[in-house]
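Single-structure report; data block below.
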Amino acid sequence: VVLLTNDDGFDSPLIRAWARRIAAWFTPVIVAPTHEMSWASARHETTRDVRVMRCRRAAHLTYKVTGSPVDCVHLALQHLKLRPALVISGPNFGLNTGMMRIVFSGTVQAALAAVRLGVPSVAVSIYYPRAVRDFCPHVGDLTPALYQAELQAAAQILHKLWRRRCLRQGCININLPYPAPDPARATVAPVHEDSGLRIFKTHGARRFQSLPAYPDFDGVPAGSDMGLLRRGLIAVTPLKVQFDDRLRQPGLQHALQAP
């Protein structure tokens with residue numbers, strides 16, 4: 001069993017087509033938000049009850065959840081008692097490269113939540129150029145011609161990594177450009193450091209408007225995850241969950257013990 005979730009919502013054409021694509025190798029179960037929750041990061045619903053509803057007419061076992069992508073993972077693993085060998089978050093409508101997008105991404109944070117709960121995970125995202133996004137501003141606007149080849153490439157990478165036992169622990173972040181190149185050209189890359197990325201613009205006196213998530217590739221190192229996408233290549237990045245800075249611990253302990 002493989003658990004599928006996303007931040008584009010349970011009715012995203014990408015997650016439904018992805019479930020069909022990987023069904024030859026895995027048994028997919030979808031647990032995803034009832035509506036789009038892009039940029040939800042690691043949000044957890046605390047102000048109201050969260051409902052889980054089974055979709056009876058879906059081709060694969062599907063639950064829609066009135067919570068966040070991270071809530072979907074926690075509910076699936078801790079309350080629906082699913083025992084997946086792997087959690088796949090996505091495919092996302094848009095890239096998830098660079099430190100800031102990874103931090104704010106509901107797709108990637110759902111994958112990292114699975115790792116914290118002891119299940120290895122993969123986050124999959126497809127970067128569409130501005131011409132496609134202007135024509136298809138919402139994930140529901142996508143036609144199969146805009147994602148079938150990309151899902152096939154992602155599935156080939158997933159299958160290869162699974163067979164070579166690279167998906168038994170941790171999280172792998174896969175970002176594909178549109179149109180997708182030969183999966184054999186997938187390249188491991190570090191996360192682009194873009195901590196200074198502006199996420200708001202001034203919109204009147206003491207008012208600010210969220211900036212579009214569309215990327216600016218100027219000055220991006222060619223070998224980073226964003227740099228590979230700019231060059232039309234598939235970026236594969238291993239991620240880990242660790243909050244403590246262990247290298248600083250001895251120095252801090254020494255300072256605390258000093259007279």
Side-chain angles (χ1 to χ4, degrees), residues 1-23 25-46 48-96 101-102 104-117 119-126 128 136 138-142 144 146-147 150-151 154-155 158 171-176 213:
V1 173
V2 167
L3 171 65
L4 305 184
T5 191
N6 66 5
D7 68 3
D8 289 324
F10 81 101
D11 58 349
S12 162
L14 292 178
I15 198 170
R16 295 200 304 267
W18 178 244
R20 293 192 297 269
R21 179 72 64 176
I22 67 171
W25 307 312
F26 306 103
T27 301
V29 177
I30 298 174
V31 182
T34 55
H35 59 282
E36 181 184 351
M37 297 200 70
S38 297
W39 288 68
S41 190
R43 173 183 172 182
H44 165 51
E45 180 58 64
T46 62
R48 57 185 173 83
D49 289 346
V50 174
R51 296 180 61 203
V52 178
M53 296 158 281
R54 182 170 177 179
C55 303
R56 298 291 179 181
R57 297 182 180 180
H60 302 281
L61 181 58
T62 299
Y63 297 91
K64 56 183 179 180
V65 178
T66 61
S68 70
V70 167
D71 289 335
C72 290
V73 172
H74 278 261
L75 289 167
L77 299 183
Q78 296 179 318
H79 295 276
L80 297 180
K81 302 303 182 183
L82 298 178
R83 296 291 184 266
L86 183 69
V87 172
I88 305 176
S89 188
N92 186 66
F93 179 46
L95 83 172
N96 278 307
R101 285 180 177 82
I102 286 174
F104 287 113
S105 167
T107 299
V108 178
Q109 291 302 322
L112 292 173
V115 176
R116 289 192 292 270
L117 292 173
V119 181
S121 65
V122 177
V124 179
S125 303
I126 304 172
Y128 290 96
C136 300
H138 306 290
V139 67
D141 300 324
L142 291 174
L146 292 173
Y147 56 75
E150 288 62 42
L151 296 187
L158 176 74
C171 175
I172 304 293
N173 188 28
I174 301 174
N175 282 269
L176 303 97

(request) Decide yes or no for His74 and His44: does some side-chain heavy atom of the first lie under 4.5 Å from some side-chain heavy atom of the second? (result) no
(message) Has Arg16 got a side-chain atom pairing as donor or acceptor with Asp11's backbone, closer than 3.5 angstrom?
(response) yes
(request) Classify the ring geometry between Trp39 and Phe104 as parallel (under 30°), tilted (30 to 60°) or perpendicular (over 60°). (result) parallel
(message) Within a 6.0 Å radius of atom CZ on Arg116, are there more than 12 heavy atoms belonging to other residues, nucleotides or ligands?
(response) yes
(message) Just verifying a value: how many Å separate Ile22 CD1 and His60 NE2, rounded to the nearest 0.5 Å?
(response) 8.5 Å
(message) Do Pro84 and Leu77 make a side-chain contact, defined as non-hydrogen atoms from C-beta onward lying under 4.5 Å apart?
(response) yes
(request) Can you see which heavy atom on Thr5 is nearest to which on Pro33, and at what distance? (result) OG1-CD, 4.3 Å
(request) Starting at CG of Leu3, measure out to CG of Leu61 and round the result to the nearest 0.5 Å. (result) 10.0 Å
(request) Please report the shortest heavy-atom distance between Tyr147 and Pro13, naming the atom on each side. (result) OH-CB, 3.8 Å
(message) Closer than 3.5 angstrom, by distance alone: can the side chain of Ser68 be matched with the main-chain N or O of Arg43 as a donor-acceptor pair?
(response) yes
(request) Could you check Val108 against Ser89 for side chain to side chain contact (heavy atoms under 4.5 Å, CB included), going step by step and ending with a plain yes or no? (result) CA-CA 7 Å; Val108 178; Ser89 188; over 6 Å; no
(message) Is any side-chain heavy atom of Cys55 closer than 4.5 Å to one of Phe10?
(response) yes
(message) Minimum heavy-atom separation for Asp7 and Gly106, please, with both atom names.
(response) OD2-N, 3.5 Å
(request) With rounding to the nearest 0.5 Å, note down the distance linking CG in Asn175 to CD1 in Ile126. (result) 10.0 Å
(request) Would you name the heavy atoms of Ala123 and Ala111 that are closest together and state the gap between them? (result) CB-CB, 4.1 Å
(message) Please give me the minimum heavy-atom distance between Leu176 and Glu150, naming the atom from each residue.
(response) CD2-O, 3.6 Å
(request) Taking all non-hydrogen atoms of both residues into account, name the closest pair between Ala42 and Val70 and its distance. (result) CA-CG2, 3.7 Å
(request) Scan Val2, Leu86, Val124 and name whichever one has a side chain to side chain contact (heavy atoms under 4.5 Å, CB included) with Leu158. (result) Leu86
(request) For residues Cys136 and Leu146, determine if any side-chain heavy atom of one lies less than 4.5 Å from a side-chain heavy atom of the other. (result) yes
(request) Decide yes or no for Asn6 and Leu14: does some side-chain heavy atom of the first lie under 4.5 Å from some side-chain heavy atom of the second? (result) no
(message) Is it the case that the side chain of Arg48 and the backbone of Thr66 share a donor-acceptor pair, with hydrogens and angles ignored and the cut-off at 3.5 Å?
(response) yes
(message) Any non-hydrogen side-chain atom of Leu75 less than 4.5 Å from a side-chain atom of Val31?
(response) no
(request) Answer yes or no: is there a donor N or O on one side and an acceptor on the other, between the side chain of Asp71 and the main chain of Glu45, under 3.5 Å? (result) yes
(request) Look at the side chain of Gln109 and the backbone N and O of Ile102, then say whether any donor-acceptor pair between them is shorter than 3.5 Å. (result) yes
(message) Measuring from atom OG of Ser12 to atom CH2 of Trp18, what distance do you get when rounded to the nearest 0.5 angstrom?
(response) 12.5 Å
(request) Measure from the side-chain N and O atoms of Asn173 to the backbone N and O of Asn96, and report whether any donor-acceptor pair falls under 3.5 Å. (result) yes
(request) To the nearest 0.5 angstrom, please state how far the CD1 atom of Ile88 sits from the CD1 atom of Ile172. (result) 12.0 Å
(request) Flag the pair Arg57 / Thr62 as yes when at least one side-chain heavy-atom distance between them is below 4.5 Å, and no otherwise. (result) no
(request) Measure the shortest side-chain to side-chain distance between Val29 and Leu80 over non-hydrogen atoms and say whether it is less than 4.5 angstrom. (result) no
(request) Could you grab the distance from atom SG of Cys72 to atom CG of Leu4, nearest 0.5 Å is fine? (result) 11.5 Å
